[in-house]
Novice: 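Right, I'll just put the structure down here and ask away after.
Computed from a prediction, not measured in an experiment: that's the story for all the values here. One-based numbering along the sequence shown. Read the numbers this way: they start at 1 and go in the same order the structure lists the ligands and their atoms.
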Amino acid sequence: MRDSFHRQITYLRLSLTDKCNLKCGYCWTSFQHDCPAGSAENGRLGEFTSFGYAERLMSVRAAAKVGISKVRLTGGEPLCYSGLVDFIADVKRVPGIEGVFLTTNGTMLADKAADLKGAGLDGINISLDTLNRDKYKRLTGFDMFDKAMGGIQAALSSGFGKVKVNVVLIGGFNDDEIGDFVNLTRDEPLDVRFIELMPMTGSPLFGKEAYLSGRVVLERCPDLKSVGMDDPSSVARLYALGGAKGRVGLIEPVFSSFCDKCNRLRITYDGYVKPCLHSSDEYSLVGKSEVEMERTIRNAIDAKPREHGDLRCLRTDIDGVTTGGRSMRRIGG
Ligand code: SAM
């Protein structure tokens, strides 16, 4: 289905839980540790009762009927969701869904990667913002750097083809590691994607200097050459070092907005459709039948705003200028 600005909406980012086993400084509003590593099997952990497995699957069916063909499972940390493997297999069976992908911090992936592949998962993005163990602990609150690296290796060896590593660029924290991250692409089929830090609701830990333009990557690594984009709707501009197995992507929502080709819709862990990450507009799917969900999703697509406001007017000493209304982990990144 097309929205009022003729954008074809085909991509759903579906949050499975707001729970996470890390508490990255840019994502959390409060200190809470509700999914310790290894606890994903712990009963209903990660399940929100008013909008659970069945309702979430129904929302995918309804979304597919309005033209969604690609689903990315996110959170919170989707590996904190106890039904993840079954859910992937069920989503893969929904008519119209052509690809199912996962965004994870990777720390619980080593044991699960093969099962996820077996369930039909098409690809994995792993978030990793530093290559330094101490800094990882400082940013995430937990000493799990080795587990995250193990997750990347597991993804590489489980037949996912190219694995994407997402790095949120944070001035004064990891901009000194840009070259090291780029070098990861030389010998492994890894796409390292630098994402501009967005001033999200409830992420007041950073000052203005943290908000860097993705262009800084090209300034620091002049050997990177443009290799275009994967497809016209992709938000990552791609670059590569000569002879490298992987590529470098720049995702620039703050300094070079890509709203004109936004093809996304989000559904939060608690069952609200969000047509735009930076708008507080939400459409509830809770308690609705599949037909009602379909209607609600159509309404949400119709109401998708042309663009988000200017995220560069940073008042980050107080709060972000996003009007998204929820922290990233409660929206689904
Ligand atoms: N737990 C999973 C993970 O770590 O990938 C999935 C959820 S996380 C919210 C999804 C993505 O959003 C991560 O790549 C994370 O770095 C990114 N993210 C969260 N807050 C952000 C912010 N303020 N600016 C830019 N990216 C952000």
Novice: Tell me yes or no: between the side chains of Thr17 and Glu77, is some donor less than 3.5 Å from an acceptor?
Specialist: no
Novice: Number the atoms of ligand 1 from 1 as they appear, then name those within less than 4.0 Å of a heavy atom of Thr104, with their elements.
Specialist: 2 (C), 3 (C), 4 (O), 5 (O)
Novice: Can you tell me if Arg306 has over 12 outside heavy atoms packed within less than 6.0 Å of its CZ?
Specialist: no
Novice: Heavy atoms only, cut-off 4.0 Å: how does Asn166 contact ligand 1, side chain, backbone, both, or neither?
Specialist: side chain
Novice: Can you establish whether the number of heavy atoms outside Tyr11 located under 6.0 Å from its atom OH is more than 12?
Specialist: yes
Novice: Quick one: does NZ or CZ of Lys117 land under 6.0 Å from the six-membered ring centre of Phe160, within 45 degrees of the ring axis?
Specialist: yes
Novice: Using only heavy-atom distances, determine whether the side chains of Arg72 and Thr103 contain a donor-acceptor pair under 3.5 Å.
Specialist: yes
Novice: In terms of relative ring orientation, are Phe194 and Phe181 parallel, tilted or perpendicular, with 30° and 60° separating the classes?
Specialist: perpendicular
Novice: Go through ligand 1 atom by atom and flag the ones less than 4.0 Å from a non-hydrogen atom of Glu196.
Specialist: 25 (C)
Novice: Going by heavy atoms, is Gly76 under 4.0 Å from ligand 1?
Specialist: yes
Novice: Could you list the atoms of ligand 1 found under 4.0 angstrom from a heavy atom of Thr74?
Specialist: 6 (C), 7 (C)
Novice: Within the structure, does Asp129 bring an N/O atom to less than 3.5 angstrom of an N/O atom in ligand 1?
Specialist: no
Novice: One residue to check: Val168. Relative to ligand 1, which of side chain, backbone, both or neither has a non-hydrogen atom less than 4.0 Å away?
Specialist: side chain
Novice: Answer yes or no: is there an ion pair linking Arg138 with Asp143, defined by an N-O contact shorter than 4.0 Å?
Specialist: no
Novice: Counting from 1, what ligand 1 atoms have a heavy atom of Asn105 closer than 4.0 Å?
Specialist: 2 (C), 3 (C), 4 (O), 5 (O)
Novice: Within the 4.0 Å heavy-atom shell around Thr103, which atoms of ligand 1 are there?
Specialist: 2 (C), 5 (O), 6 (C), 10 (C)
Novice: Between Tyr136 and Asn105, which heavy-atom pair has the shortest distance, and what is it?
Specialist: OH-O, 4.4 Å
Novice: Pull out every atom of ligand 1 sitting under 4.0 Å from any heavy atom of Cys27, numbered as shown with elements.
Specialist: 9 (C)
Novice: Based purely on interatomic distance, does Met198 place a nitrogen or oxygen under 3.5 Å from a nitrogen or oxygen of ligand 1?
Specialist: yes
